[in-house]
Each structure stands twice: as C-alpha cells, then as structure tokens.
Amino acid sequence: MTPDLFASSAATAPDAAAIEQLRRSLHEHAHRYYVLDDPLISDAEYDRLFQQLQAIEAAHPELVTPDSPTQRVGGRPLDAFASVRHAVPMLSIRTETDTEASGAESFDARMRRELGLDVTAPPVEYVAEPKFDGLAMSLRYVHGVLVQAATRGDGELGEDVTQNIRTIGQIPIHLFAPAALSAGSLVPEVPEVLEVRGEVYMRRDDFERLNERQREHGLKTFVNPRNAAAGAVRQLDPAIAAQRPLSFFAYGLGEVTPTEQGGPAFETHFQLLQTLKAWGFPVSELVQVAQGAPELIAYYESIARTRDQLGFDIDGVVYKVNILALQRRMGFVTREPRWAVAHKFPAQEQITTVQGIEVQVGRTGKLTPVARLAPVFVGGVTVTNATLHNEDEARRKDVRVGDSVVVRRAGDVIPEVVAVLPEKRPPHAQPFTMPLQCPVCGSTAVREEGEVDHRCSGGLFCSAQRKQAILHFAQRRAVEVEGLGEKLVDQLVDGKIIRTLPDLYRLGLTALASLARMADKSAQNIVLALEKSKQTTLPRFLFGLGIRHVGEATAKELARHFGSLDAIMDASEEQLLAVADVGPTVAHSLRTFFDQPHNREVVEQLRACGVHWEEGAPAAQAPQPLAGKTLVLTGTLPTLSRDEAKDLIEAAGGKVAGSVSKKTAYVVAGVEAGSKLDKARELGVAILDETGLKELLDGHP
Ligand code: IVH
C-alpha cells in the first residue's frame with residue numbers, strides 16, 4: 001500500500017517534496033501498468049492517488065507542473081501542427097528487397113566487405129529487431145521532462161505532435177532513474193538533453209476495439225492499425241487523440257548531451273536499448289543479439305513464423321551492427337546508415353479492384369457473396385477472389401463493383417477485403433444486394449430469422465447443391481473417388497448425365513469416355529476409382545452424406561455408438577443425444593435428414609449399387625478418460641496430425657481449445673511449439689508430449 005501522504009485535506013498547505021513524492025509514485029505505478037504490464041496496486045487504488053493529486057493541484061494551481069501525471073491530456077485543439085527541425089536528422093534504413101531468409105546473407109556479406117573482414121575473421125555481432133509497422137517518433141526530454149514529440153516528416157523537418165503523444169500511457173512524461181538501482185547501479189543517469197527515437201503503433205486488439213467503437217457511433221472505421229495510429233497522431237484535438245489507444249517501442253537515440261561525468265558511454269546498441277528500458281521506455285522483448293548471418297537467418301525465420309501471433313503488426317525485421325564504434329566507423333550514405341538494413345516480409349496487404357461480385361451456392365444451399373478481384377500478389381500467393389461472407393458483412397464493408405479495395409491475407413487465413421477506398425469509387429457504383437433467388441436454380445433465397453446466411457430453398461433440385469453434395473461424398477475424407485474433381489462433376493451434372501449420388505455408380509465407361517476432354521484411360525481410371533470407393537467404412541459413408549452439422553468426428557462417434565447405419569437412421573432425437581459428440585442441433589439435423597423419404601431412398605440405392613462397409617455391435621459406453629477436460633495442441637507431434645489428435649481427444653470425452661487459460665487441463669506440445677507453450681508454463685498448466693497424450697488416452701494418468 002502506498003503511504004497516504006495527504007490524509008488531511010488538500011486545503012492545508014502542501015509541502016513541495018511530498019507532492020513530488022506523490023507524482024513520482026504515480027509515474028512509477030503508470031510505468032508498471034503500461035510498460036511492464038505488472039501493476040503493484042489496483043486500478044481503484046491508482047485512481048485514488050490520482051484524484052488526491054488532482055485535488056491538491058486544483059486547490060493550488062501554482063504547484064501544477066507540465067510533467068505532472070494529471071497533465072497528460074490538456075491543451076486546446078490546434079489549427080495546424082508547428083514545424084520542428086530535428087537536431088539530429090531522422091534517417092530511414094536501406095531495404096533488403098529479397099524477402100527470402102537469404103537476404104540476411106547479402107547484408108552480412110556487405111557488412112563484412114565494408115568492415116574489411118576476410119573469411120577467417122569471426123562473425124560480426126548484430127542486433128536483430130522487429131520492424132514495427134507504425135510511425136517513427138522523436139521524443140525530446142530536457143532534464144528528464146518530455147518537452148517535445150515530433151514526427152519524422154522529411155527527416156529534417158517534422159511536425160510537433162507533443163500534445164497527442166503526451167496522452168500515450170506507455171510514453172513517460174518524466175524520467176526517473178529507477179529507484180531501486182539509482183545509487184551505485186549500472187544504469188546511467190538520464191542526460192540533460194535526451195532524444196529517444198522509436199515507433200508509435202496500435203496493438204491489434206486495441207485496433208479492433210477502436211473500430212468496434214467507431215462502428216457503434218456510426219463513424220468511419222480504419223483500414224489497419226497503422227492508419228489508425230497515423231490518424232491518432234495527426235489528430236488536431238488532443239482530447240480525441242487521448243481516446244485512441246496507442247503504444248510505443250523505443251529503438252534508438254537522436255540528440256544526446258553528455259552529462260558532467262561524460263556519460264552515457266554506451267558500447268553497444270543492445271546496451272543502449274537496455275538502458276532505455278531501465279529509464280522507463282518500452283523496448284520489445286523480441287530484440288536479440290545475433291552472431292553472423294546464420295543467426296540473422298534464424299531470427300528472420302522465427303519472427304516470420306510467429307508474425308501472426310504477435311499482438312501488433314510488423315512488416316519485417318531490422319538488423320543493426322551492435323558495436324557502436326563500428327557503426328561510427330561505417331557512417332552513412334545520403335540518408336541511410338551503412339550499418340543497418342530493413343529486411344521485409346512479403347506484404348500482407350495490397351490494393352486491387354473489384355471486377356464483380358458473384359454469389360456462390362454451397363452444399364447446404366448457403367449463398368456466399370464473393371468479390372472477384374483483379375489478380376494481386378499478397379501474403380505470398382496470387383489472390384483473385386475474396387469472400388464477403390454474407391449480406392450483413394458485404395453491406396457493412398459496402399464493397400461495390402469497380403471499387404478499389406485493400407485485400408489482406410495473413411498466414412493461412414483466407415483472403416479478406418478489409419476496406420474500400422471511397423475516394424477511388426467510380427461514379428454510379430451500385431451497392432450490393434443479395435439476390436432474392438438462387439442464382440443457380442432460381443428457387444427462392446431465404447434468410448431465416450436469427451440467421452446471418454441466405455439459403456437456396458431448392459435442396460437437391462438445385463444443381464449447385466447437387467454438385468457440392470457429390471464432391472463432398474467423393475472427397476478423400478469420405479468414400480474417396482480418386483479423380484472425381486470439380487470440372488468432371490460440372491460436366492456430369494450440367495450435361496444431365498447424373499442427378500443423384502447413386503447415378504455415380506451407374507456411370508458406364510461409354511458415358512464417361514464420351515465426355516469432352518476425357519481420354520479412354522482417364523475414363524477407365526474413374527470407373528476403377530468408383531469401384532474401389534464402394535468398399536468403405538460407416539463413418540466415411542455417414543460423413544459423405546453431407547448431413548448438416550455432421551462432421552468427421554461426429555460421424556465416427558455415431559458409428560461407434562450405434563454400430564450400424566439402420567440403428568442411426570431409426571434412432572430418436574433422445575437416443576441420438578446420448579452420443580458423446582451430439583447436441584440438440586446435431587440430433588435435430590440427423591432426424592430431419594433421415595425423416596425425408598428421398599434421403600432414405602438415396603441410402604438404399606447406394607447400398608443396392610454395392611456400396612458397403614463392415615457393421616459392428618453398438619458399443620458399450622466407451623471409457624471417457626478425458627471427460628470434462630480441455631486440452632490445447634501446439635507444435636507438430638511426431639506421428640499424429642492435428643486432426644487425428646483432436647479426434648482421439650474428443651473420442652475420449654475431452655475438448656480441444658485454441659488458446660491456453662487457467663481452465664486448460666493439459667497442453668500437448670510438439671516440435672516448434674509456440675507462445676501457447678510459454679503461456680502454459682506461465683500459468684503452471686501441465687505439459688505433455690505425444691507419448692504422454694497416448695498414455696492419458698489409454699487411461700493412465
Ligand atoms: S531504426 C538509423 N529500428 O522503419 C535507423 N527503425 O526506414 C533508424 N522502424 O522510419 C531507424 N522498426 O519508423 C529502426 N526496430 C526498428 C524499426 C524501425 C520500424 C521504421 C522507422 C523508420 C523506418 C526505416
């Protein structure tokens with residue numbers, strides 16, 4: 001508990017030293033809260049101290065100082081930002097264009113050449129840092145007090161955005177030598193003039209929340225965290241800027257005047273960063289010292305892999321020569337230091353145009369609007385279309401044919417239109433509306449109450465749904481008909497050669513061979529593949545029927561529980577609910593499906609065509625060693641795939657979750673386990689390898 005310095009009333013003459021103590025204490029708590037993420041006191045306790053200071057300052061305005069924690073948000077809206085001349089120019093860094101890991105080798109080779117090192121010389125020591133995707137900022141402190149914050153501008157002249165930057169909780173407005181370390185510690189004193197350079201950015205979760213709030217208030221949303229951060233920094237009204245959640249990482253210095261003792265005399269860039277951290281600035285945990293090219297490559301690859309899991313956007317990594325004496329020796333070319341390089345990752349966002357919006361019909365009749373895009377290379381692949389999900393989503397983004405849009409593809413996530421650029425909209429572009437009829441079969445499209453999706457009401461009358469149903473049945477995870485792909489199914493259905501699933505097995509060699517672009521040999525292969533697919537298993541067959549909400553895991557569970565297809569088809573909803581994986585939605589869906597005579601007819605005909613599997617006796621309730629337990633999988637396991645491990649866990653009554661929390665029973669970690677493993681250690685959650693998981697599944701704890 002912080003001592004109550006002002007237990008009496010704010011009206012009694014306060015003593016300057018005591019106010020200073022209160023301010024210092026508030027600064028320290030804010031630092032622990034915003035920068036270290038490790039508060040010592042509750043929010044309420046902090047608020048109480050803060051209000052105490054406010055009360056004193058209200059009663060004694062002459063005691064208010066600009067660096068008081070109460071003075072972060074203040075000042076009037078500006079008409080324009082004043083210009084600032086940077087005492088030390090704000091440089092940019094040369095970009096290594098090669099977005100392969102080998103870009104690190106070219107950089108290292110260049111450094112060795114410039115330093116005159118031959119092959120026998122030891123590796124050069126570097127610092128590797130993330131390249132934060134925000135805005136460069138120069139923070140000027142005089143006697144430890146933040147006096148000016150300026151944007152980079154053209155590197156010589158920036159804009160004075162001090163009022164806005166003061167509102168960022170992570171940026172100290174008064175520097176203190178860390179209390180516990182001050183006397184005789186290794187942390188140098190704060191120099192009289194200190195310019196700290198770094199990046200102002202917005203965390204992804206803050207960005208999502210901000211956009212959410214903008215939407216609620218009917219205001220414009222931001223395209224990405226970078227744009228939102230830039231908008232906040234250049235906001236003329238500091239009260240509005242204060243509501244935009246910004247963060248900061250320090251990565252370098254500008255002007256610094258030495259103290260009387262001649263300090264701070266840093267020897268390495270890494271040391272400098274550690275000192276900035278000790279003075280209260282946020283420095284990324286991902287900054288690392290690296291020896292030579294191999295460690296730079298390893299760094300590049302590991303950051304590229306974890307990029308999507310970070311809480312903020314980065315667009316690459318930066319390598320810097322660590323020894324400052326070497327940096328000085330190497331100097332600059334025009335506006336760029338010779339001792340640093342930005343090694344970019346492939347861009348995850350690009351601008352392209354919408355050439356059309358089509359509505360696709362899925363297996364279950366779901367209508368999905370899809371934007372057809374002018375081909376664009378983003379996130380490592382060429383993207384030609386992006387889903388707009390459903391009517392609400394398409395309306396919310398207001399994507400129109402002819403629009404220029406920002407397309408994003410991050411990691412393995414499917415490409416998305418993140419925003420429209422309204423200033424580039426062609427005149428007369430029409431808003432998108434969902435069709436009233438299925439674009440394939442003309443049946444009415446319905447959107448049921450409480451649902452977000454429109455569905456074609458045509459069922460298997462709709463050829464799009466029939467095609468999808470056939471492809472679903474023929475896929476590898478169902479009965480598997482090798483070679484029966486989308487093009488062939490289109491030909492067969494559009495040519496009215498087949499209508500239903502059983503028609504597949506009535507296909508003769510002649511019918512197939514007569515299709516355009518079908519060689520005799522391929523036709524033969526399809527016939528063989530169809531023949532082979534007849535011998536299947538109950539779970540595969542059941543999954544292949546494409547019953548809504550019945551995925552592979554549920555199909556397996558149903559087969560295990562009931563043993564035979566007839567038992568499943570005749571089970572009541574109540575009996576179905578007794579199956580581990582089955583809830584009311586699934587039970588209802590199964591019942592509805594098998595209550596339709598034409599679905600039973602399809603099953604009978606498939607059997608008559610020779611599709612068969614081995615049936616078993618209904619299982620006694622299998623032991624459920626993981627009942628009620630939640631597990632998290634991370635990394636690559638030696639023999640089990642993600643899906644296999646998940647199935648096994650679910651069959652044993654457990655659940656698989658995507659993130660680790662206190663409720664997680666076990667984390668199963670394989671090779672290259674990521675942040676989930678760290679989280680498990682942090683929370684003290686039990687960690688297993690594959691062998692441990694198997695023992696658990698067998699009922700040995
Ligand atoms: S160092 C003398 N380090 O990238 C070197 N810059 O063109 C000065 N950036 O405008 C920059 N992360 O805004 C440095 N870890 C990092 C960085 C970084 C992002 C930005 C910075 C600068 C641009 C370089």
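One-based numbering, in listed order, for ligands and for the atoms of each. Starting from 1, each residue takes its place in the sequence as its number.
- Using a 4.0 Å cutoff on heavy atoms, G134 does not count as a contact of ligand 1.
- V84 places none of its side-chain heavy atoms less than 4.5 Å from the side chain of L157.
- At a cut-off of 3.5 Å, with distance as the only test, a side-chain donor of H269 or E129 sits close to an acceptor on the other residue.
- Nearest protein neighbour of atom 8 (C) of ligand 1, counting heavy atoms only, is L91 O, 4.0 Å.
- Atoms of ligand 1 lying under 4.0 Å from any heavy atom of S92, numbered from 1 in the order shown and given with element: 7 (O).
- Note: no N/O pair closer than 3.5 Å links L135 and ligand 1 by distance alone.
- With D403 contributing its side chain and V405 its backbone, the two residues share no donor-acceptor pair below 3.5 Å.
- Side-chain rings of F107 and H343 stay apart, their centers remaining 6.0 Å or farther from each other.
- The atoms of ligand 1 that sit less than 4.0 Å from any heavy atom of A136 are 10 (O), 13 (O).
- Summarising the contacts of atom 17 (C) of ligand 1 with Y319, F332, Y251, the nearest heavy atom is found in Y251.
- The shortest N/O to N/O separation between V318 and ligand 1 does not fall below 3.5 Å.
- Between the CD1 atom of I351 and the CG atom of L421 there is a distance of 5.0 Å, given to the nearest 0.5 Å.
- Two residues are said to be in side-chain contact when any heavy atoms from C-beta on lie closer than 4.5 Å; V341 and T95 fail this criterion.
- For the pair K320 and ligand 1, the shortest N or O to N or O distance falls below 3.5 Å.
- Here A340 has no heavy atoms under 4.0 Å from ligand 1, in either its backbone or its side chain.
- When only non-hydrogen protein atoms are considered, atom 23 (C) of ligand 1 lies nearest to K131 NZ, 3.9 Å.
- The nearest heavy-atom contact from the protein to atom 24 (C) of ligand 1 is I93 CG1, 3.0 Å.
- In this comparison of E336, E129, E199, the heavy atom closest to atom 20 (C) of ligand 1 sits on E199.
- Per-residue contacts place P337 under 4.0 angstrom from the following atoms of ligand 1 (heavy atoms of the residue considered): 2 (C).
- The distance between the ring centers of Y34 and F248 does not fall below 6.0 angstrom.
- Aromatic ring centroids of F312 and F249 lie under 6.0 Å apart.
- At the top of the distance list for atom 12 (N) of ligand 1, counting protein heavy atoms only, stands F132 N, 3.0 Å.
- Taking the six-membered ring for Trp, Y299 and Y126 have ring centres at least 6.0 Å apart.
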